[in-house]
2 protein chains.
Amino acid sequence: MDGKPIDAFDKAFELAARLSEAMRQALTERGLTERRAEVIYLLARAGALVQRDLAEALGCSPRHVTGLIDTLQQDGLVKRTPHPADRRAVHVVLTEPGAETARWMTRHRHDSARTILGDLPATDLAAFTRVADRILGHVTQAKRENRS
Amino acid sequence: MDGKPIDAFDKAFELAARLSEAMRQALTERGLTERRAEVIYLLARAGALVQRDLAEALGCSPRHVTGLIDTLQQDGLVKRTPHPADRRAVHVVLTEPGAETARWMTRHRHDSARTILGDLPATDLAAFTRVADRILGHVTQAKRENRS
DNA sequence: GTACATAGTGAAGTAGCTTCACTATATTTG
DNA sequence: CAAATATAGTGAAGCTACTTCACTATGTAC
């Protein structure tokens with residue numbers, strides 16, 4: 001066994017559940033939630049974002065972004081700065097502690113990957129990625145179908 | 001690329017996010033949530049369960065199980081029956097519609113697996129499972145460490 | 001049979017999220 | 001350029017999934 005589709009499929013779901021639980025736990029120790037971490041990740045990548053774009057990227061309502069940024073700002077991880085061209089909009093940028101958190105996230109991700117998967121053959125990892133991509137292709141396809 | 005640990009690791013997280021989203025969506029169309037589906041799955045497997053054991057299996061508070069069973073009962077998927085030996089406890093069992101829902105879940109799972117992964121070589125699926133197991137081993141280990 | 005543990009539930013509260021209504025500013029258009 | 005319309009953000013209110021705490025009813029142990 002373990003070469004059958006259903007086994008791999010079930011394994012993927014188990015992985016999904018445990019991984020997000022583990023992630024949640026690691027983030028909690030740093031005083032973060034998945035959502036807040038996502039904001040930090042997006043800001044680290046983009047440099048600065050308007051709340052509207054954050055809502056788009058996060059797939060949540062603009063109203064909720066307000067709250068997210070509120071608490072992130074209270075925690076000193078981001079700051080609201082005036083948008084250079086649009087006085088309605090708010091530029092959200094990482095503070096230095098926020099940027100350090102982003103670096104920690106990256107470091108942690110790479111370290112975990114190396115620790116957990118470092119000694120597996122590249123062929124296994126490549127096969128894993130192939131199967132994962134196949135599943136991803138189908139779930140994102142389904143998503144688009146529902147959107148139209 | 002794609003043979004590197006970090007790529008597989010990131011892929012696993014993307015898989016986790018998309019898969020639970022896809023799951024949530026499929027369940028919504030049947031009027032279920034992940035939690036309610038989990039209850040149905042557990043009941044289908046065990047035959048009957050006391051709410052206390054459900055709370056244990058779900059990893060949530062007994063109080064929350066009360067609410068979960070309330071709505072599931074309103075929807076006609078489960079029923080509360082007196083526990084044969086303990087008058088404090090409640091035996092929760094699936095109704096016929098509940099059992100049918102459980103069968104639908106199983107069918108849907110198998111069909112999806114076949115559709116999505118059916119034509120991939122068994123060696124890829126086996127490699128996928130190996131990598132998934134490696135990750136699972138680490139996250140559950142971490143969980144136990146934190147527990148002690 | 002008194003003391004203590006356990007199963008379930010009401011009441012109240014938290015976190016994450018939504019919609020709706022409103023203000024302030026931008027953009028379009030006649 | 002003035003009027004109409006669209007857009008960025010936020011307050012208010014509300015929903016869902018969950019928790020803890022206090023309480024009742026029952027079971028178990030000494």
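None of the values given here were measured: they were computed from a predicted structure.
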Closest heavy-atom contact between [X] and [Y]?
X        : Y        : answer
A:Met105 : A:Ala37  : CE-O, 3.5 Å
A:Leu120 : A:Asp124 : CD2-OD2, 4.5 Å
B:His83  : B:Ala89  : CB-O, 3.5 Å
A:His91  : A:Pro82  : CB-O, 4.1 Å
B:Thr129 : A:Ala8   : OG1-CA, 4.1 Å
B:Cys60  : B:Val65  : SG-CG2, 3.8 Å

Contact class for B:Val65 vs. all strands (heavy atom < 4.0 Å): base, sugar-phosphate, or nothing?
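The residue B:Val65 makes no contact with any strand.
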
Over how many whole Å does the gap from [X] atom [atom1] to [N] atom [atom2] extend?
X       : N      : atom1 : atom2 : value
B:Leu32 : D:dT16 : CG    : P     : 15 Å
B:His83 : C:dT9  : NE2   : P     : 14 Å
B:Asp70 : C:dA11 : CG    : P     : 13 Å
A:Gln73 : D:dG9  : CD    : P     : 13 Å
B:Asp53 : C:dT6  : CG    : C1'   : 12 Å
A:Gln74 : C:dA15 : CD    : P     : 12 Å
A:Arg24 : C:dA15 : CZ    : P     : 14 Å
B:Glu21 : C:dC17 : CD    : C1'   : 14 Å

Inspect the contact between A:Arg107 and A:Glu100 and indicate whether a charged nitrogen and a carboxylate oxygen are less than 4.0 angstrom apart.
yes

Lys/Arg N to Asp/Glu carboxylate O, A:Asp133 vs A:Arg130, below 4.0 Å
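No, this pair does not count.
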
Among the nucleotides C:dG16, C:dG8, D:dA17, which one has an atom lying closest to any side-chain atom of B:Thr33?
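That would be D:dA17.
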
Among the candidates C:dG8, D:dT10, D:dA17, find the nucleotide nearest to the side-chain atoms of B:Ala89.
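Within the option list, the nearest is C:dG8.
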
Among B:Leu68, B:Asp70, B:Ile69, exactly one meets side chain to side chain contact (heavy atoms under 4.5 Å, CB included) together with B:Thr66. Which residue is that?
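Running side chain to side chain contact (heavy atoms under 4.5 Å, CB included) over B:Leu68, B:Asp70, B:Ile69 with B:Thr66 returns exactly one hit, B:Asp70.
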
Find the distance between CG (B:Asp7) and CG (A:Leu125) and round it off to the nearest 0.5 Å.
9.0 Å

Could you write out each protein N or O paired with an N or O of nucleotides 24-27 of chain C at a distance under 3.5 Å?
unit_1: C:dA26; atom_1: OP1; unit_2: A:Arg87; atom_2: N; d: 2.5
unit_1: C:dA26; atom_1: O4'; unit_2: A:Arg88; atom_2: NE; d: 3.4

For nucleotides 1-3 of chain C, print each protein N/O atom paired with a nucleotide N/O atom at under 3.5 Å, atom names and distance only.
none

Greater than 12 external heavy atoms within 6.0 Å of A:Glu34's CD:
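Atom CD in A:Glu34 is crowded, with more than 12 foreign heavy atoms closer than 6.0 Å.
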
Is B:Arg52 close enough to D:dT26 that one of its side-chain N or O atoms is under 4.0 Å from OP1 or OP2 there?
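So the side-chain polar atoms of B:Arg52 never come under 4.0 Å of the phosphate oxygens OP1 or OP2 of D:dT26.
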
First of B:Leu49 and A:Leu68 reached from the 5' end of DNA chain C, by closest nucleotide
B:Leu49

Report the relative orientation of the aromatic rings in A:His108 and A:Trp104; use parallel for angles under 30°, tilted for 30 to 60°, perpendicular for over 60°.
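A:His108 vs A:Trp104 ring planes: tilted.
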
Please write out each protein N/O paired with an N/O of nucleotides 19-21 of chain D under 3.5 Å, distance rounded to 0.1 Å.
unit_1: D:dT19; atom_1: OP1; unit_2: B:Ser61; atom_2: N; d: 3.4
unit_1: D:dT19; atom_1: OP2; unit_2: B:Ser61; atom_2: N; d: 2.9
unit_1: D:dT19; atom_1: OP2; unit_2: B:Ser61; atom_2: OG; d: 2.7

